[in-house]
Amino acid sequence: MTPSPTRRDFIATGLAAMAGAGLSAAFSPVFGKAVKPADKIRLGIIGTGSRGSGLATLIREMPDYALVACCDIIPENLQKGLSLAAGNAKGYTDYRKLLDDNSIDAVVIATPLYLHYPMAVAALQAGKHIYLEKSMTYDIPQAIDLVKKVKASGLVFQIGYQYRYYGLYHRVKEIMKENWLGKITHFECQYNRNSNWRFPVKDPKMERAINWRMYREYCGGPLSELCAHEIDVVNYLTDSHPVKVVGLGGINYWKDGRDTYDNIRTVYDYPNGVKASVTSVLSNAYNGYSIRILGDKATVEILRDKAFIYPEITNNAKGVVDGVTGATIAVKTQGKGVEVKFGKAGEEQLEPTVFALKDFAECVRNKKEPISNVETGRDGSIAIHMGNAAADTEKVQHWKPEYSA
Amino acid sequence: MKRRRQLVGLGIAVCFVMSALRPATIPRVHRISGQAQGTTYAVTWYADGVSVTQIQIDSIFKSLDASLSIYQPGSLISRFNESEGGIEMDRHLAFVVEKSMQIYRETGGLSDITVYPLVRAWGFGVKTADAMPDSAAIRLLLRCVGSDKLKIAGGRLVKTVPCVQIDVNGIAQGYSVDVVAKFLEARGIENYMVEVGGEIRTKGRKQPGNEPMKIGIETPSAHAFDAPAIREVISIGNGAVTTSGSYRKYRESGGKRLSHIIDPQTGFPVQREIISATVVAPEAITADGFDNALLAAGVDGAFEILRTHPEMEAYFIYRKPDGTVGDTASAGFGKYIVLTAE
């Protein structure tokens, strides 16, 4: 009989694993095996649904990795994962068995959000380096606890915020540093789509396992599954985290039994009065993914794989003078968007996640701390939970000192 | 090119009638602004009862483009560039080429309209290039460069080597300013300012009030999108002022900025301490024709050139060896300065 993958079962197996390893008593650090520079990193993927098999597709092309194991409770997903893995790769339905394989150096965890914490903790206990999909944890206490456990482990722990590894964002950060945008007071972030955001379900019993994004029991809805990237990007670009947040949310369009928002708008307050509005609307897809950075000299609009600068139109400091002599200003730079150039000329444009996975391999080989690490992951997760709490309670949520202690 | 023509078409007519209620005998300020030659222009004049229209100004730019624009495939200059041996010039091209050849001789070849093949190779031509040229490619292109490979025979511009191509962008804006200025003067306008992409010619004073026209010299900005700020304010009376600088138009390679001004002798982008060169001369074509060469000559070389040109004064913003930015000017420039920004 196929086990019914309800949340209770997931949690039960997760907790059993933890109890079995004696995690509740004491967390004993296990250091991962050293991977020699010439060796391929032996990798297992836990969760080969849409994201996990997407990662497997990229990993397959990368010389750094040998994908030797996949795990999923849904047979179709497991088959998909194995079809992308090495010929002799092993398939598991119980992630603890995958973690028991001592030949595996590192794991990718790409499961529903509520499973991130128990699986990450078990993987740390098993001495695996971890690439954990975003967002990091289901709630705030888990985020804080995971920081402690990762630090004690000495293992490489990376969160799947691939935009931190993407040249486009590096260039935008540089442009901000060079003051092209002037004084920045606002980030407008939206992650919209015009769809019910559901995956097809053949067996009604599988509804909650497949469409876990619809249910608060498993995740934080659009904020944790979509806007997480943008919150992380604002944290990255400002080198900070929010201090407070207000929000409003509702299920205003897809009245289909879901209990996560399909319409949420939050405003985060960052240090120095910088605000970031973070929005997800599931009934409009115009410029679906976009971050606009508003400075007093120019705006940058970041889309999926390109960005544009829109300079503010200034009247050549006239008023004081009747004319200005200077190097010619090309018409196209006035009021119209100019594409931000990034990367080297002629360089191949790769999927941002490839850069993130390359760096993960580099970190595993050289025992380096990833740029998207457990602390930046914690800041993102706490911000997400604060945003949802603000919308749920309609009360301002403040960043508490103990969050980043 | 089509795009250029559209830009002209896009020109936005702005006519301010500042003092409509005053008696008709008092001159009023008129202003037309729009887009031409890939940048903006503004024509301001102080007169009463003289009408100049945007259509007239735009048609001047159209006739200039038809002759001098490398962006327009069918222009006279484009036809010359595509030709094997040369073409018959019109009055615009003849005037600009003759002036360019004179400046070529007087700057020891630092200003050279035959630099176009190099400009293209470095990605500052009509199309931006993906890769940077290597020194072998530059050496090959240098065979096509040098105004000594041009001959004027009657009304014909002749190339002695078929691969010679010219680009008058470094001087055409200044010339355009002069052409528009002369158009205004022909209509009896005695007080005006003509500005095309930061190149300016003024005559007379602002009316009513008889105040001098004030021109800001821009502080070079850190990057292409920085809003201009004023460093000095000058008043030049009857004359022209132009500024050349690489702070807006450049490419980046290996963390280094490559100037759009190419040294015709080495074939490589000019790497000099001067960030911007502002030149005052009686005519805009002279100021514009020399400003790039002065920038390419460096501070000492620029003063050397200026010594033989008492009709020109210049002001330079330059990077000192310690990395700080300073300014310097020819002795006669001081008389134009009315205000220095703190």
Side-chain angles (χ1 to χ4, degrees), chain A residues 167-168 170-184 292-301 307-349, chain B residues 7 10 35-40 42 44 123 129-132 169 173 193-200 202 206 211-230 233-235 241-249 251-254 260 276 278-279 287 339 341:
Chain A
L168 177 62
H170 300 165
R171 184 67 190 135
V172 168
K173 193 167 186 174
E174 232 170 61
I175 283 170
M176 287 168 61
K177 206 170 148 196
E178 288 170 10
N179 203 34
W180 291 31
L181 310 187
K183 186 175 165 59
I184 294 161
R292 285 177 298 278
I293 309 171
L294 312 186
D296 63 358
K297 287 187 179 173
T299 304
V300 162
E301 179 171 40
F308 296 90
I309 299 188
Y310 298 82
E312 290 290 287
I313 295 171
T314 48
N315 205 9
N316 285 359
K318 275 176 192 146
V320 189
V321 293
D322 304 296
V324 175
T325 181
T328 303
I329 303 178
V331 160
K332 63 173 184 173
T333 65
Q334 295 192 326
K336 288 186 187 157
V338 181
E339 192 165 347
V340 173
K341 288 187 183 143
F342 64 98
K344 294 188 189 87
E347 193 181 52
E348 197 190 351
Q349 281 258 27
Chain B
L7 289 178
L10 275 174
Q35 296 178 354
Q37 304 187 341
T39 185
T40 54
T44 311
D130 278 339
M132 297 292 175
N169 286 357
Q173 251 173 34
M193 176 183 285
V194 176
E195 184 257 336
V196 180
E199 326 297 15
I200 295 176
T202 66
K206 291 195 274 183
E211 290 162 43
M213 290 173 220
K214 286 185 284 188
I215 299 163
I217 299 175
E218 202 176 290
T219 297
S221 48
H223 54 78
F225 304 103
D226 213 352
I230 304 299
V233 178
I234 58 172
S235 214
V241 57
T242 69
T243 297
S244 166
S246 284
Y247 55 93
R248 279 219 175 80
K249 197 171 178 187
R251 295 184 70 191
E252 290 188 18
S253 171
H260 75 282
S276 82
T278 298
V279 182
L339 189 73

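So that the names make sense, note that chain A is the first sequence line, chain B the second, and so on, each numbered from 1. Worth saying up front: this structure is predicted, and the values here are computed from it rather than measured.
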Checklist entry - B/Glu218 and A/Val324: which non-hydrogen atoms are nearest, and at how many Å? => result OE1-CG1, 3.8 Å
Checklist entry - Between A/Asp322 and B/Met193, which heavy-atom pair has the shortest distance, and what is it? => result O-SD, 3.6 Å
Item to check | Part of B/Thr242 within contact of chain A (heavy atom distance under 4.5 Å) | outcome: backbone
Checklist entry - Could you walk me through whether B/Ile217 and A/Thr325 pass the side chain to side chain contact (heavy atoms under 4.5 Å, CB included) check? => result CA-CA 5 Å; B/Ile217 299 175; A/Thr325 181; 3.9 Å; yes
Next on the checklist: Is it true that, when you exclude B/Lys206 itself, more than 12 heavy atoms of the residues, nucleotides or ligands shown sit nearer than 6.0 Å to its NZ?
Outcome noted: yes
